[in-house]
Amino acid sequence: MPESDIGEDQHDGAKLVAALRQEAQALGFSALGVAPATLPDSVVAGLDGFLEAGHQGEMGWMAEHRARRSQPKALWPEVRSVIALAMTYGPKGDPLANLSQPMTANISVYARARDYHEVVKPKLKQLARWLLARAGGDVKVFVDTAPVMEKPLAALAGLGWQGKHTNLLSRDLGNWFFLGFVFTTLDLPKDRPADDHCGQCRACLDTCPTDAFLAPNRLDARRCISYLTIEHKGPIPRALRAAIGNRIYGCDDCLAICPWNKFAQQAQETKLQAKAELIAPSLTDLAQLDDAAFRRLFSGSAVKRIGHAGFLRNLLIALGNSGQAEALPLAKAQLDNPDPLVRSTAVWAFSRLDRDAFETDRETASKQEEHPWVLAEWREEENLA
């Protein structure tokens, strides 16, 4: 191909990406970048090390789909460019304000609004249809539901860099944004990867309540509150419960502490703006929700995905950590819950809120209980089942 033609192709590609950015902005995206469909060997090695150490915990799908996750082309051989997009969901106020209120539940900022999958994916599909109509080729869209190395790809596309907390952050958007991807068979001009601007700061590492960071850029998910309250399905390890405080779904501490949030943008998309009833909900009110009421309150929210039993487990840990007398009857009301996950956590909360009554009831209750999770709590042993 003549050199002049190559230059013209590049010029046309640049114009297409510029138009694509305008279209993405019109759809509500905050940033767009284009990455190559090949990840560096260092990223793949990092994934392998994470899995070999077992730091993924119960997220077995990470190991099961390791091969397809390691490279975009392993997921879709025809892909030639990866279009990465960001959409902000920044909070209006202090996202950690609830942590000092023992009878107020703290829900991670992203889960206070509508489930982002339902918001971002339709817009990605709109953008993909625009690209198909404008330039042809083929496309696939992804929002956190396929084995895609999202943060490294977004960093390659120039949207930001992975901070020491392993999350993506940006000088323009701070820490508060969702990622989405359009894989395309088109060979588009690639953006320059973002530089790392963390410097010597380690605020995100030092603020972690459960010391989940083994070192900068090394997270043991098994100690992360977001993992424990969302992905982990059984009893939460006893040694980590006190540090969870009143965080009943996720944890924002390492995101919220980042100095780059001074440039963060509040959520512009209406559906990503926090619902008033989820900003600072009362533990007392939440503890009285039955399954139907739980589903109504969290309809359309990511919280609903953990189910009522998982929700009650998290809630009971918050009640046990509250130290408040009003929490005791709420915890005791779940001592007879038919679900052993809920019942066992209620025993733990009971032991924290009224030690004398717990000691009085311990022997009789242990004789009547058969499930190992619950027995372990009455005996104050770590459940290993």
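E150 places a side-chain N or O within 3.5 Å of a backbone atom of D144 that can act as its donor or acceptor partner. Without hydrogens or angle criteria, Q368 side chain to S366 main chain gives no donor-acceptor distance under 3.5 Å. Between the S344 side chain and the L341 main chain, a donor and an acceptor come within less than 3.5 Å of each other. Judged by distance alone, the side chain of N314 and the main-chain N or O of Y249 form no donor-acceptor pair under 3.5 Å. Looking only at distances, no side-chain donor or acceptor of T88 sits under 3.5 Å from a matching main-chain atom of G90. Proximity of a side-chain donor or acceptor of S299 to a complementary backbone N or O of R296 within less than 3.5 Å is not detected. At least one donor-acceptor pair closer than 3.5 Å links the side chain of R343 to the backbone N or O of N337. A donor-acceptor contact shorter than 3.5 Å links the side chain of R223 to the backbone of T210.
With salt bridges taken as basic N to acidic carboxylate O contacts below 4.0 Å, one links R355 and E380. A salt bridge is defined here as a Lys NZ or Arg NE, NH1 or NH2 lying under 4.0 Å from an Asp or Glu carboxylate O, and K123 with E269 meets this definition. With respect to the salt-bridge test (charged N to carboxylate O, under 4.0 angstrom), the residues D361 and K332 do not qualify.
Neither side chain, N106 nor N246, offers a donor N or O lying under 3.5 Å from an acceptor on the other. Residues N321 and R352 have side chains that bring a donor and an acceptor to within less than 3.5 angstrom of each other. For the residue pair N175 / H165, a side-chain donor-acceptor distance below 3.5 Å is found, with atom types taken as modelled.
Put simply, the side chain of V139 does not reach to within 4.5 Å of the side chain of I83, judged on heavy atoms.
Using the six-membered ring where Trp is involved, F294 and F298 have ring planes that are tilted, between 30° and 60° apart.
A side chain to side chain donor-acceptor pair (under 3.5 Å) with R247 is found for one member of D253, D252, N98, T229 and no other, namely D253. Applying the side chain to side chain donor-acceptor pair (under 3.5 Å) test between E377 and each of R362, H371, R238 identifies R238 as the sole match.
For D290, the CG atom counts as densely surrounded, since its 6.0 Å shell holds more than 12 non-hydrogen atoms of other residues, nucleotides or ligands. The number of heavy atoms from other shown groups lying within 6.0 Å of CD (E118) is above 12. Within a 6.0 Å sphere centred on NZ of K233, heavy atoms belonging to other residues, nucleotides or ligands number more than 12.
Through side-chain heavy atoms spaced under 4.5 Å, either directly or across other Ile, Leu, Val, Met, Phe, Trp or Tyr residues, W260 is tied to W161, L169, F263.
Each of L214 and L51 belongs to its own hydrophobic cluster when Ile, Leu, Val, Met, Phe, Trp and Tyr are linked at side-chain heavy-atom distances under 4.5 angstrom. When the side chains of ILVMFWY residues are joined at heavy-atom separations under 4.5 Å, either directly or via intervening members, F350 and V342 end up in two distinct hydrophobic clusters.
Not less than 6.0 angstrom separates the ring centroid of Y116 from the ring centroid of Y89. Between F358 and W378, a ring centre-to-centre spacing shorter than 6.0 Å is recorded.
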